[in-house]
Amino acid sequence: MMQRAFVFSSSNSISLQLSTPITPPVNAVFPERNRGWIAPYSPLQPPELRLRNYQRALPPLLCSGSDSVTNQQQMASQDERDPRISKISSVIRVIPDFPKPGILFQDITTLLLDIKAFRDTIDLFVERYRGKDISVVAGIEARGFIFGPPIALAIGAKFVPMRKPNKLPGEVISEEYSLEYGTDKMEMHVGAVQAGDRALIIDDLVATGGTLSAAIRLLERVGVHVVECACVIELPELKGRERLGDTPLFVLVSSA
Amino acid sequence: MSAYRDKDPRIHGIQSKIRVVPDFPKPGIMFQDITTLLLDPKAFKDTVDLFVERYKGKNISVVAGIEARGFIFGPPIALEIGAKFVPLRKPKKLPGKVISEEYVLEYGRDCLQMHVGAVEPGERALVVDDLIATGGTLCAAMNLLERVGAEVVECACVIELPDLKGRERLNGKPLYVLVESH
């Protein structure tokens with residue numbers, strides 16, 4: 001009998017994570033035929049699935065579109081979303097006709113007013129990325145600056161702000177990207193990241209994926225491996241996930 | 001008050017990670033760049049810890065962060081002390097109903113906004129930004145919070161430029177900084 005997949009939730013609150021070095025609990029993620037779950041890096045796991053292949057080792061909290069057999073099995077056996085998700089979803093405010101008529105704006109500022117929900121949001125990302133050798137968390141201005149730093153601090157990574165033009169004071173590299181009408185530019189400081197760094201890109205929301213894919217290109221140009229993009233919210237109808245190419249996307253809430 | 005003056009041993013490490021970029025955004029200005037601090041996980045953590053140690057257990061229910069670099073330091077502090085985080089933003093960024101506070105720049109004016117309903121009367125608030133210069137922005141932030149009946153307990157910044165006398169502009173409100181830059 002296949003046992004249920006679960007995400008091992010850390011019992012340590014953010015406060016402990018930030019101030020005390022602790023050994024994270026082992027995330028039991030791999031189904032073993034007869035005995036239940038085994039740790040991702042244990043010798044019982046086939047060698048090719050150990051270490052940096054964590055993407056298959058982590059069960060997606062939502063349907064992530066990954067079509068490996070292992071993930072499909074894990075999704076099939078996962079009967080419920082993490083209980084923290086529905087609360088997070090319920091405190092996001094939807095504002096019609098902002099910034100222009102017809103758009104339903106997903107406002108995360110109300111999430112930030114709910115202390116437990118904000119903490120749960122960060123915890124969900126930290127649980128996924130801790131112990132995975134992520135050296136960089138890149139946050140996209142400005143709402144990526146709210147979620148990125150707490151994650152970076154908890155997993156021991158650098159935080160790198162990706163900014164609109166003319167905000168960063170030092171030497172920058174730029175990447176242009178398309179908007180609905182016209183183009184915009186995203187910048188990063190030269191020297192903030194090194195070739196070989198493993199990075200996450202954080203933003204509050206992914207819509208068309210234009211901004212995220214510009215961030216991916218910026219980082220890849222300097223030899224960084226973008227492990228995953230992580231957002232609180234996805235608007236799946238805008239197909240942003242497809243625009244990210246090979247880079248996986250992880251989200252907490254999907255708003256169709 | 002400043003941790004700089006208290007000579008906490010972590011201060012030296014924090015100060016050494018702040019990069020000074022001359023002539024940005026215009027000639028003659030020595031820009032205090034905190035992005036290099038964010039590249040050092042220990043120094044960044046120490047920065048947050050110094051604020052958390054000061055404010056934890058003081059019944060602070062709101063941390064208001066000023067766009068955009070206040071968004072980097074404010075949320076980790078808020079999470080750690082169990083307070084809400086409220087972003088204070090440039091015009092037209094916040095999607096809901098807002099209240100606005102105008103303030104004077106060297107040339108011209110600017111405006112800071114906060115969502116209606118984010119903060120309630122009687123709440124105890126901190127205002128966080130990376131740096132205080134003339135104090136104009138912090139002053140506008142404090143006004144926004146006081147207009148909705150909150151009590152601004154203190155303003156907290158990583159860096160102060162004391163020669164610009166921002167501290168005096170805060171209407172007697174206390175200011176706490178980690179690093180002074182002359």
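Naming convention: chains lettered A, B, ... in sequence-line order (proteins, then strands); numbering from 1 in each chain. What you see below is based on every heavy atom in this structure, not just the backbone, and it leaves out hydrogens, waters and symmetry mates.
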Worksheet item: Stepwise, does the side chain to side chain contact (heavy atoms under 4.5 Å, CB included) test hold for A:Val160 with B:Leu39?
Response: CA-CA 7 Å; A:Val160 175; B:Leu39 297 179; 3.7 Å; yes
Response to the item:
Heaviest contributor of heavy-atom pairs below 4.5 Å to chain B, chosen from A:Pro161, A:Gly156, A:Ala192, is A:Ala192
Worksheet item: With only heavy atoms counted, which part of A:Phe145 is less than 4.5 Å from chain B, the side chain, the backbone, both or neither?
Response: both
Worksheet item: Is it the side chain or the backbone of B:Phe24 that comes within 4.5 Å of chain A heavy atoms, both, or neither?
Response: side chain
Worksheet item: Is B:Lys90 atom NZ crowded by more than 12 heavy atoms from other residues, nucleotides or ligands, each under 6.0 Å away?
Response: no
Discussion item. Heavy-atom cut-off 4.5 Å, strictly under: side chain, backbone, both or neither for B:Phe44 against chain A?
Written reply: both
Worksheet entry | Where B:Pro41 and A:Lys158 come nearest, the two heavy atoms and their spacing | CG-N, 4.2 Å
Discussion item. With a 6.0 Å cut-off (strictly less than), is the heavy-atom count around NZ of B:Lys92, excluding the residue itself, greater than 12?
Written reply: no
Worksheet item: Which value, rounded to the nearest 0.5 Å, describes the distance between A:Arg143 atom CZ and B:Lys93 atom NZ?
Response: 8.5 Å
Worksheet item: Where on B:Lys42 is there a heavy atom nearer than 4.5 Å to chain A: the side chain, the backbone, both, or neither?
Response: neither
Response to the item:
Applying a strict 4.5 Å limit to non-hydrogen atoms, the region of A:Ala157 in contact with chain B is backbone
Discussion item. Can you give me the closest heavy-atom contact between B:Pro87 and A:Leu112, atom names plus distance?
Written reply: CD-CD1, 4.4 Å
Practice prompt. Could you tell me which portion of A:Phe105 (side chain, backbone, both or neither) has an atom closer than 4.5 angstrom to a non-hydrogen atom of chain B?
Written response: side chain
Worksheet item: With a 4.5 angstrom heavy-atom cut-off, which part of B:Ala78 approaches chain A: side chain, backbone, both or neither?
Response: neither
Worksheet entry | Candidates A:Thr110, A:Leu113, A:Thr109 - the one meeting side chain to side chain contact (heavy atoms under 4.5 Å, CB included) with B:His115 | A:Thr109
Worksheet item: Which answer fits A:Asp114, side chain, backbone, both or neither, if we ask what part of it has an atom under 4.5 Å from a heavy atom of chain B?
Response: neither
Worksheet item: Side chain, backbone, both or neither: which part of A:Lys116 has a heavy atom under 4.5 Å from chain B?
Response: neither
Fill in: B:Pro95 portion near chain A, given a 4.5 angstrom heavy-atom threshold
both
Worksheet item: B:Gly82 and A:Arg119: which non-hydrogen atoms are nearest, and at how many Å?
Response: CA-NH2, 3.7 Å
Discussion item. With a 4.5 angstrom heavy-atom cut-off, is it the side chain or the backbone of A:Leu111 that approaches chain B, or both, or neither?
Written reply: neither
Worksheet item: So, for B:Arg19 and A:Gly170, which heavy atoms are closest and what is the spacing to 0.1 Å?
Response: NH2-CA, 3.8 Å
Worksheet entry | Region of B:Leu94 that comes under 4.5 Å of a non-hydrogen atom in chain A | both
